[in-house]
Amino acid sequence: GQRDVVLIFHGRGGKDRETEATMAAVLAEDKAKNITRAVEVYNWEQCIDPSPNRLFLGAMDVGSKLGRMLALERQLRSLHIIGTSAGGFVA
């Protein structure tokens, strides 16, 4: 598995220009610094009730569960989490 990871949580509605720009910026920075990290956009909306009035709690729940799972990954050396818009609730 990858030891250095960047997870990007998109805003409501899924990947968009902002998500793509964020991913491109991370990859460009990695290239400039000659480092290699796995950079992934996590589709958190597939895990929640789509009702707008439940968005905040659902996103926080996804982030909490994911955090507990990642804490068990002993081979993980570094983890950077970026949340855009509603994705910030997950992050």
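What you are looking at is a predicted structure, and each value in this text was computed from that prediction instead of being measured. What you see below is based on every heavy atom in this structure, not just the backbone, and it leaves out hydrogens, waters and symmetry mates.
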Chi angles and distances behind the side chain to side chain contact (heavy atoms under 4.5 Å, CB included) call for H80, R37: CA-CA 10 Å; H80 291 85; R37 297 183 286 185; 3.3 Å; yes
Donor-acceptor contact present, side-chain T84 to main-chain G11, <3.5 Å: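 Flag set: sc T84 to bb G11 pair under 3.5 Å.
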Answer whether the closest heavy-atom distance between the side chains of [X] and [Y] falls below 4.5 Å.
| X | Y | answer |
| --- | --- | --- |
| S85 | F9 | no |
| L55 | R12 | yes |
| L66 | L7 | yes |
| V62 | I48 | yes |

Steps toward side chain to side chain donor-acceptor pair (under 3.5 Å) verdict (H10, D16): CA-CA 8 Å; H10 58 74; D16 59 13; over 6 Å; no
To the nearest 0.5 Å, what is the distance between [atom1] on [X] and [atom2] on [Y]?
| X | Y | atom1 | atom2 | result |
| --- | --- | --- | --- | --- |
| E18 | M23 | CD | CE | 14.0 Å |
| E29 | K33 | CD | NZ | 4.0 Å |
| L70 | I81 | CG | CD1 | 6.5 Å |
| Q2 | L76 | CD | CG | 9.0 Å |

Minimum-distance pair of heavy atoms, taken over all atoms of C47 and Y42: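 Distance-wise, the nearest heavy atoms are SG-OH, 4.1 Å.
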Atom of A59, atom of F89 and distance for their closest heavy-atom approach: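 Scanning both residues, the minimum pair turns out to be CB-CB, 3.6 Å.
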No-hydrogen, no-angle side-chain donor-acceptor test under 3.5 Å, N53 and S51: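 Yes, S51 and N53 have a side-chain donor paired with an acceptor closer than 3.5 Å.
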Intermediate values then yes/no, side chain to side chain contact (heavy atoms under 4.5 Å, CB included), V5 and V39: CA-CA 6 Å; V5 177; V39 181; over 6 Å; no
I82: side-chain contact (heavy atoms from CB on, under 4.5 Å) partners, not counting sequence neighbours: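 So I82 forms a side-chain contact (heavy atoms from CB on, under 4.5 Å) with V6, I8, T22, V26.
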